[in-house]
Number of protein chains: 2
Amino acid sequence: MKLQQLRYLCEVVRHDLNLSKAAMTLHASQPGVSKQLLQLEDELGLRLFVRSGKRFSGLTEPGKAVLAIAQRITSDATDLKSLAAEYRDDGTGALTVATTHTQARYALPDVILRFTRKYPRIRLSLRQGSPAQIVDQVIKGQADLCIATEVHDADHQLVMLPCYEWNRCVIAPRGHPLLANPRLTLEELAAHPIITYDFAFTGRSTMNKAFEQRGLTPDVVLTAIDADVIKTYVALGLGVGIIARMAFDTDRDQNLGAVDASHLFEPSVTRIGIRRRAFVRKFTYEFIEMFAPRLTRAVIEEALESSPAG
Amino acid sequence: MKLQQLRYLCEVVRHDLNLSKAAMTLHASQPGVSKQLLQLEDELGLRLFVRSGKRFSGLTEPGKAVLAIAQRITSDATDLKSLAAEYRDDGTGALTVATTHTQARYALPDVILRFTRKYPRIRLSLRQGSPAQIVDQVIKGQADLCIATEVHDADHQLVMLPCYEWNRCVIAPRGHPLLANPRLTLEELAAHPIITYDFAFTGRSTMNKAFEQRGLTPDVVLTAIDADVIKTYVALGLGVGIIARMAFDTDRDQNLGAVDASHLFEPSVTRIGIRRRAFVRKFTYEFIEMFAPRLTRAVIEEALESSPAG
DNA sequence: CACCGTTACGGTATCCGTAAGGATT
DNA sequence: AATCCTTACGGATACCGTAACGGTG
């Protein structure tokens, strides 16, 4: 049994059981991958893949169990390598941040600018996705950390670090009556068609709760993943928008106006998620601290060592 | 980086950094092990071992960190193999139980007899040690489970399953005045020299607490790891013994007498410890259930999945 | 001198890529 | 016809054991 065979297994699963595609990203020939997997099956003495003719159509029951452990081993192996890189301290490495559009667009640019200046040789990459997707990426070791607001880590596989609280504002085309209102109410807001975030994203559930508690049913005519799309449709007059305050920029969004709505909704909390037991490199600690100054290395280490309960 | 290199690393550390001895148990030549370790160091780009001349004298700081991950990986790898064996269901396998003398001598014989009858092809082995040692063995994957009374699993790396409660009796040479007493008191007991378990073992702290609460200082003249040694010295007249009730056998210990002492001390709880996230084979579940009928497969699985808190 | 880790060397097994083969969509 | 996994084959590589080497207690 070799590490590479386990890596192959994970990668093939990640590519929807397509050997050829997996071989590409593994920088290996497709027969090579095939052979190693057959060899692994042979050594373990069981079939991992369900074959339909000459095609993989799924994992067998044992295959799923083996995959789970294989993923743990390969992610540990990657950790080991980056741990070594850390001690070598050669200033190279990679940091992959999985996040949502909102963070990538409004919260991260400043941090990323500072980070890449300080660590020009670290390859930094962003992966966008839904909260569920980005959590998954971190669990599978495809990303080092995730940053988002509505993240559910069912199995406590991640450590969630609160970064900052934020709230919403209401946006509308310039001259819209709502904008004249110094202190908006939920009732007034509910009287207009609303455009806001997609349900799976960025604090949408907090918003719904507020309306529900007042017995109101907001008329959500359109939902989108990101504030830019929302602004576009608000500008077209389809409705008023509810977005994160940080997503409104007086300079850029001159065709729109905004009023504060933080008295209407519970604040939401944006968090960073890290895989439990992951090896965290020095520059990763610094990245986190740049994003949320409260999260110093000591604070993060304590959180990582704490028990998953809670 | 290969799995075998990590295995070599772990094994060498386990053998006090002696390459030659490690090579023996690894069924490999000593130069072979040396070369693989050098290769690992080379690939990681750092020294893992501190060399004093031509001898290993310790692990470097990075070496310790690498070792920790290497141990996780190798134990996962063993899990993976036994998982495969389980699905193959070929009825073979191995079960290593780390335990203290008391359990091995008095609680386990019956269970082991039943187990080996039911699974003649499973290689069952016992490893004796102090509570600290056997916990360590399970954490390092050298044993599948540990059974003991005073076990401290500081990092919640193990799941501790309560098996049964037990209490003590006082033993003395036949005709000793204490034996005539129908209901012993701590004061009477404290008037005699006492022989009992070593501090690190089997419920000794429970005993101390009872004396302390009454403001008594027992005169412990001798401590031992096992009840057999205690009995020997009690028979020689060096003092009275306090041992687990199950350790006294009316038939075998005809030169001694015993009186119940369960009203004097808090009961102690014997527990089974399993590594969290370990793959547990069917016959292991059965072994545990044979030892503690309350611990059915369902109960154990639930405990294994629960959060480490508490 | 005994012990220990490293280096040298040769045989063998393993791995990998190219090319070709059957099967499915 | 295109895609996909497996088999066949040849070359390069890596691994492993024996033997020899250089320090150390």
Side-chain angles (χ1 to χ4, degrees), chain A residues 1-60 62-64 66-67 70 73-74 77 81, chain B residues 1-60 62-64 66-67 70 73-74 77 81:
Chain A
M1 195 170 69
K2 292 169 209 67
L3 271 177
Q4 192 154 14
Q5 294 172 338
L6 303 180
R7 237 192 319 267
Y8 282 9
L9 167 62
C10 296
E11 200 65 11
V12 166
V13 170
R14 208 167 73 79
H15 286 76
D16 302 321
L17 303 171
N18 184 320
L19 268 200
S20 315
K21 286 178 190 163
M24 297 289 278
T25 68
L26 286 164
H27 306 293
S29 73
Q30 178 267 340
V33 176
S34 170
K35 197 155 190 191
Q36 288 304 315
L37 291 179
L38 287 169
Q39 202 170 307
L40 178 62
E41 285 185 318
D42 193 48
E43 183 176 343
L44 295 179
L46 29 89
R47 308 260 300 247
L48 303 176
F49 299 100
V50 178
R51 281 140 170 110
S52 309
K54 294 247 165 180
R55 211 157 288 227
F56 288 172
S57 58
L59 286 174
T60 62
K64 289 175 196 164
V66 167
L67 174 67
I73 292 180
T74 48
K81 277 190 220 128
Chain B
M1 196 171 68
K2 292 170 208 65
L3 271 176
Q4 193 154 15
Q5 294 172 338
L6 304 180
R7 236 194 317 267
Y8 282 10
L9 168 61
C10 296
E11 200 65 11
V12 166
V13 171
R14 208 165 73 80
H15 286 77
D16 302 320
L17 304 169
N18 185 320
L19 268 201
S20 315
K21 287 179 189 163
M24 297 289 279
T25 69
L26 285 164
H27 305 290
S29 74
Q30 179 266 341
V33 176
S34 171
K35 195 157 192 190
Q36 288 304 315
L37 290 179
L38 287 168
Q39 202 170 308
L40 178 63
E41 284 185 317
D42 194 50
E43 182 177 344
L44 296 179
L46 30 90
R47 306 263 297 252
L48 303 176
F49 298 100
V50 180
R51 285 147 170 98
S52 309
K54 291 253 164 175
R55 212 158 288 225
F56 287 173
S57 60
L59 285 175
T60 62
K64 289 175 197 164
V66 167
L67 174 66
I73 292 180
T74 47
K81 277 190 219 126

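A residue-by-residue look at B/K35 and B/R51 shows that B/R51 has its nearest nucleotide of DNA chain C further toward the 5' end. Two residues, A/S52 and B/E41, neighbour DNA chain C, and the one matched to the more 5' nucleotide by heavy-atom proximity is B/E41.
Across every non-hydrogen atom of B/A28 and B/V33, the tightest pair is CB-CG2, 4.2 Å.
Nucleotide C/dG5 holds its P atom 14 Å from the CG atom of B/L9, rounded to whole Å. Between the P atom of C/dC15 and the CD atom of A/Q5 lies a distance of 7 Å, rounded to the nearest Å. Rounded to whole Å, atom P of D/dC5 lies 15 Å from atom OH of A/Y8. When the C1' atom of C/dC15 is taken as reference, atom NE2 of A/H27 falls 18 Å away, rounded to whole Å. Remark: P of D/dC15 and CZ of B/R7 are 13 Å apart, rounded to the nearest angstrom. Put simply, NZ on A/K21 is 17 Å from P on D/dA2, counting in whole angstrom units. Between B/L19 atom CG and D/dT24 atom P there is a gap of 16 Å when expressed in whole angstrom units. For the pair B/L37 CG and C/dG5 C1', the interatomic distance rounds to 11 Å; values are reported in whole Å.
The shortest distance between the side-chain N/O atoms of A/S34 and the OP1/OP2 oxygens of D/dT6 is below 4.0 Å. Contact annotation: B/Q4 reaches the phosphate of D/dC16 (side-chain N/O to OP1 or OP2, under 4.0 Å).
Candidate nucleotides C/dC16, D/dT6, C/dT6 were compared by shortest atom distance to the side chain of B/L38, and C/dT6 ranks first. Nearest to the side-chain atoms of A/F56 among the listed nucleotides D/dT6, C/dG5, C/dT24 stands D/dT6. For B/P31, whose side chain is taken as the heavy atoms from C-beta onward, the closest listed nucleotide among D/dC15, C/dG5, D/dT18 is D/dT18. Closest contact between the side chain of B/Q36 and the listed nucleotides C/dC16, D/dC16, C/dC15 involves D/dC16. Closest to the side chain of A/R55, from the set D/dG17, C/dT6, D/dC4, is D/dC4. Looking at the side chain of B/S29, the nearest of the listed nucleotides D/dG17, D/dC15, C/dT7 is D/dG17. Side-chain proximity of B/N18 to the nucleotides D/dC15, C/dG5, D/dC16 is greatest for C/dG5. Here D/dC4 is the nucleotide among D/dC16, D/dC4, D/dG17 with the atom lying nearest to any side-chain atom of A/S20.
For A/T74 (side chain) and A/R7 (main-chain N/O), no donor-acceptor pair under 3.5 Å exists by modelled atom type. Listed for the B/E43 side chain is a donor-acceptor partner under 3.5 Å among the backbone atoms of B/M1. When atom types are taken as modelled, the side chain of B/T60 and the backbone of B/F49 share no donor-acceptor pair closer than 3.5 angstrom.
More than 12 heavy atoms of other shown residues, nucleotides or ligands fall within 6.0 angstrom of atom NZ in A/K81.
Within 4.0 Å of A/G32, counting heavy atoms only, lies no atom of the nucleic acid at all.
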